[in-house]
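Heads up, the thing below is written out as structure tokens.
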Amino acid sequence: MRLLWIAVGVLTLDQATKVIVRLNMEQGHLGAINLIADWLKFTHTENPGMAFGINFGPPGLITGFSIIASALITIYMIRVRSGYFPYTASLACILGGAIGNIIDRLFYGIIFDYAPFFQGRVVDFIHFDLWYGRIHSSIPIIGDSYFSFFPIFNVADIAIVGGVIGILLFQKKFLHRLHPQPSPDQPVSSEELESNQAHTSLTY
């Protein structure tokens, strides 16, 4: 039940912030709100792609892939729901974030009257203007060209990335608790001893 509340919490926060931005901010840099100088700001943008504005094929393909991935995550999370909590909570964060972006793609086009069902755009607004300038000419291929790095994302993207990091950090402990290894001082039962002897005889 805790995992469900985590996923619902992420989803609610994501959708609430997106609706506020969509209804109250103009798109583009002219409507940006500076928070920390020019480094951190709110900039209302919309994209049909994946997290952080990454595009991969047509919008419908990305939406279909996201729905399938979310269904698989849900099934897996239900199966391991009693496992190590930090690991399962990371799964819940990913699920809540994924569903949040799916809602944008499925319904926002219809709700805000700019595209048909399945063709909506994801609302992004958290804008880190990290670096921009001309790359040194000594760098192969891209040298002496102008480059800017300014990721714009949303609460769902943060939950997804944070969940993936959590899975990587807690996976080892999750697996250890799922399949605990006996300590050297732990006595071995007679059934386990017979099983090991049988396995050894079959090996030779």
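In terms of hydrophobic clustering, with Ile, Leu, Val, Met, Phe, Trp and Tyr side chains grouped at heavy-atom distances under 4.5 Å, Trp5 and Met77 are assigned to different clusters. Residue Ile111 is grouped with residue Phe125 when hydrophobic side chains (ILVMFWY) are merged at heavy-atom distances under 4.5 angstrom, including chains of intermediate members. Val161 and Val10 are not part of a single hydrophobic cluster, where members link through side-chain heavy atoms under 4.5 Å apart. Val19 and Val123 fall within the same hydrophobic cluster, where Ile, Leu, Val, Met, Phe, Trp and Tyr residues are linked whenever their side-chain heavy atoms come under 4.5 Å apart, directly or through other members. Linking Ile, Leu, Val, Met, Phe, Trp and Tyr whenever their side-chain heavy atoms come within less than 4.5 Å puts Val164 and Ile102 in one cluster.
Note that the CZ atom of Phe153 and the CD1 atom of Ile160 stand 12.5 Å from one another [nearest 0.5 Å]. Going from atom CD1 of Ile62 over to atom CD1 of Ile67 covers 12.0 Å, rounded to the nearest 0.5 Å. To the nearest 0.5 angstrom, Ser90 atom OG is 9.5 Å from Ile165 atom CD1. Distance check: Leu11 CG to Cys93 SG gives 12.0 Å after rounding to the nearest 0.5 Å. Atom OH of Tyr84 and atom CZ of Arg177 lie 5.5 Å apart (nearest 0.5 Å). Rounded to the nearest 0.5 angstrom, Thr88 OG1 and Leu3 CG are separated by 4.5 Å.
The two residues Asp124 and Asp157 come nearest to each other via the heavy atoms OD1-OD2, 3.6 Å. Listed here is the closest heavy atom pair of Ile110 and Leu106: CD1-O, 4.4 Å. The minimum heavy-atom distance linking Thr43 with Ala32 is given by the pair OG1-CB, 3.5 Å. Smallest separation of non-hydrogen atoms from His44 and Glu26: CB-O, 3.4 Å. For the pair Ile6 and Ala89, the tightest heavy-atom approach, listed with the atom from each and the gap, is CD1-CB, 3.8 Å. Taking every heavy atom of both residues into account, Ile126 and Leu40 meet most closely at CG2-CD1, 4.4 Å.
Taking the six-membered ring for Trp and the full ring otherwise, Phe174 and Tyr87 have centroids separated by under 6.0 Å.
Under the 4.5 Å side-chain criterion, counting only non-hydrogen atoms from C-beta, Val122 is not in contact with Glu46. Under the 4.5 Å side-chain criterion, counting only non-hydrogen atoms from C-beta, Phe112 is in contact with Leu23. Side-chain contact between Leu91 and Leu95 is absent, with no heavy atoms from C-beta onward closer than 4.5 Å. Looking at Phe42 and Met25, their side chains come closer than 4.5 Å, going by heavy atoms from C-beta outward.
Counting heavy atoms of neighbouring residues, nucleotides and ligands inside a 6.0 Å radius, atom CG of Asp113 does not exceed 12 of them. Within a 6.0 Å sphere centred on CG of Leu30, other residues, nucleotides and ligands contribute 12 heavy atoms or fewer.
Residues in residues 16-39 take part in these ring pair (Phe, Tyr, Trp, His ring centres under 6.0 Å) pairs, two or more places apart or across chains: His29-His127, Trp39-Phe128. Applying the salt bridge (Lys or Arg N to Asp or Glu O under 4.0 Å) test to pairs two or more places apart or on separate chains, those with a residue in residues 2-20 are Asp14-Lys18, Lys18-Asp104.
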For a side chain to side chain contact (heavy atoms under 4.5 Å, CB included) check, start with the C-alpha distance between Asn34 and Lys41, then their side-chain angles and the critical distance, and finish with the verdict.
CA-CA 4 Å; Asn34 290 342; Lys41 62 187 76 173; 3.7 Å; yes
Determine whether Thr17 and Leu13 satisfy the following criterion, side chain to side chain contact (heavy atoms under 4.5 Å, CB included), listing intermediate values before the conclusion.
CA-CA 6 Å; Thr17 53; Leu13 180 61; 4.1 Å; yes
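At distances below 3.5 Å, not a single donor-acceptor pair connects side-chain atoms of Arg79 with backbone N or O atoms of Tyr76. A donor-acceptor contact shorter than 3.5 Å links the side chain of Tyr114 to the backbone of Arg121. Formation of a donor-acceptor pair under 3.5 Å by the Asn154 side chain with backbone atoms of Ala156 is found in this model.
Tyr108 is linked by a side chain to side chain donor-acceptor pair (under 3.5 Å) to Gln15, counting only residues two or more places apart in sequence or in another chain.
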